[in-house]
Amino acid sequence: MKEIIIATKNAGKAKEFKSFFSAYHIEAISLSELDKDIDDIEETGTTFEENAAIKAQSIAGMMRCPVLADDSGLMIDALNGRPGVYSARYAGEQKDDQANIDKVLYELKGVGASERTARFVCVLAVAIPGEPAIFKKGSCEGTIAFSEAGENGFGYDPIFIPNGYNKTMAQLSSAEKNKISHRKNAIVQLEDWVKNQNK
Ligand SMILES: O=c1[nH]c(=O)c2ncn([C@@H]3O[C@H](COP(=O)(O)OP(=O)(O)OP(=O)(O)O)[C@@H](O)[C@H]3O)c2[nH]1
Ligand SMILES: [Mg+2]
C-alpha cells in the first residue's frame, strides 16, 4: 500500500486522516509512527496557512518526500475569532483539551444562544520537495454549547454543535463527523492530488 506522511503528533487528527486516506488505499502515517524521534515543530506563524506550511515543509525537508500537514482551530465570533490559530494551547503550553474547553465555556458565560456562533477551520498544506506548496482550506459552521456532551472526537468536539444538528460533534460517530468536518471539507479539495499518489 502507498504511504503518505502526515506532519502531526495529534492522535485525533491522525485517526481521521487514516480513515480519509484508506478510501484511496493509501496509508496515512503520523509523526508518532515514524522510526525517528521527531522534535516538536515550533508553530511560529500567525495564520493557519503559515503554520501548516512550517509543519509540512520542515518534515518534507527531513524525509525528502511529499508531506501533508494540518493546521486547524476553532474560531468563535463572540471572542473575536479566538482561540483560532492558538486553539491547541489556548489554556497553556500543556495542550490540555479539558482546560481549553473550560476556558472557552468560562469566557462565554452570559453569552446567549444566538451569539454563540463559531466555526472550525482546517488548512492543509502539501509540501513536495522542489515544488511550491499546495494549500486547501475547509470549514464547518456551528455554535458553542452551554456544556459539554459526548465522548468521540478530540479537542473542542464536546462543545461544538454543527449547524443542522442538535448534538455536539463528540456525540456524532467518527463516520458522521468525517462527512461534515472542516478537515473533510479541506481534504476533498485535494482529491486529485491524493488519487495521483496511488499511481
Ligand atoms: O474539537 C476539535 N475537533 C477538531 O476536529 C479539531 N481540529 C482542530 N481542533 C483544535 O485545534 C487544535 C489544532 O492545533 P494544531 O493544528 O496546531 O494541532 P496540534 O498542535 O493539536 O497537532 P499538530 O498537528 O500540530 O501536531 C487542536 O489541538 C484542537 O484544539 C479541533 N478541535
Ligand atoms: Mg500544533
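Note that ligands are numbered from 1 as they come in the structure, with each ligand's atoms numbered from 1 the same way. Everything numeric here is computed off the predicted structure, so don't read it as measured data. Note that these values count all heavy atoms, side chains included, but never hydrogens, waters or copies made by symmetry.
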Could you check [atom] against the protein and tell me its nearest heavy-atom contact, residue, atom and distance included?
atom: atom 28 (O) of ligand 1; answer: A88 CB, 3.4 Å
atom: atom 7 (N) of ligand 1; answer: R183 NH2, 2.9 Å
atom: atom 20 (O) of ligand 1; answer: K95 NZ, 2.9 Å
atom: atom 21 (O) of ligand 1; answer: N10 ND2, 2.9 Å
atom: atom 30 (O) of ligand 1; answer: Y156 CE1, 3.2 Å

Query raised in the report: Evaluating non-hydrogen atoms only, which member of D70, I101, D157 is closest to atom 3 (N) of ligand 1?
Result: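 Heavy atom nearest to atom 3 (N) of ligand 1 belongs to D157.
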
Report task. Between F154, Y86, F160, flag the one that comes closest to atom 4 (C) of ligand 1 by a heavy atom. Result ->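 Checking each option, the heavy atom nearest atom 4 (C) of ligand 1 is found in F154.
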
Requested in this report: List for me each residue that meets ring-ring contact (aromatic ring centres under 6.0 Å, His included) alongside F120, sequence neighbours excluded, and say none if there are none.
Outcome: F160, H182

Go through ligand 1 atom by atom and flag the ones less than 4.0 Å from a non-hydrogen atom of [X].
X: E43; answer: 17 (O), 20 (O), 25 (O)
X: T8; answer: 22 (O), 23 (P), 24 (O), 26 (O)
X: K177; answer: 3 (N), 4 (C), 5 (O)
X: S72; answer: 7 (N), 8 (C), 11 (O), 12 (C), 13 (C), 14 (O), 16 (O)
X: K9; answer: 26 (O)

Using a 3.5 Å cut-off on N or O atoms only, is [X] in polar contact with ligand 1?
X: D97; answer: no
X: E16; answer: no
X: R89; answer: no
X: F120; answer: no

Using only heavy-atom distances, determine whether the side chains of [X] and [Y] contain a donor-acceptor pair under 3.5 Å.
X: S30; Y: E33; result: yes
X: E107; Y: Y90; result: yes
X: Q171; Y: Y165; result: no
X: N10; Y: T8; result: no

Would you confirm whether [X], through its side chain, and [Y], through its main-chain N or O, come within 3.5 Å as a donor-acceptor pair?
X: R89; Y: K95; value: no
X: N51; Y: G45; value: yes
X: R183; Y: E16; value: no
X: E176; Y: L172; value: no

Report task. Select one of side chain, backbone, both or neither to describe which atoms of K13 lie under 4.0 Å from any atom of ligand 1, heavy atoms only. Result -> side chain

Query raised in the report: So if you build clusters from Ile, Leu, Val, Met, Phe, Trp, Tyr with side-chain heavy-atom gaps below 4.5 Å, do L124 and V126 land together?
Result: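 Looking at the clustering, V126 is in the same group as L124.
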
Report task. Could you walk me through whether K137 and E49 pass the salt bridge (Lys or Arg N to Asp or Glu O under 4.0 Å) test, one step at a time? Result -> CA-CA 9 Å; K137 187 174 198 164; E49 283 79 4; 3.8 Å; yes

[X] to ligand 1, any heavy atom closer than 4.0 Å:
X: N100; result: no
X: D71; result: yes
X: G73; result: yes
X: K55; result: yes

Requested in this report: Test salt bridge (Lys or Arg N to Asp or Glu O under 4.0 Å) on D70 and K55 and set out the steps.
Outcome: CA-CA 8 Å; D70 163 315; K55 291 186 270 193; 5.5 Å; no

Query raised in the report: Crowded around E42 CD? As in, over 12 foreign heavy atoms under 6.0 Å?
Result: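 No.
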
Query raised in the report: Quick check: does E43 put an N/O/S atom under 2.8 Å from the Mg ion (ligand 2)?
Result: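 Coordinating: yes.
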
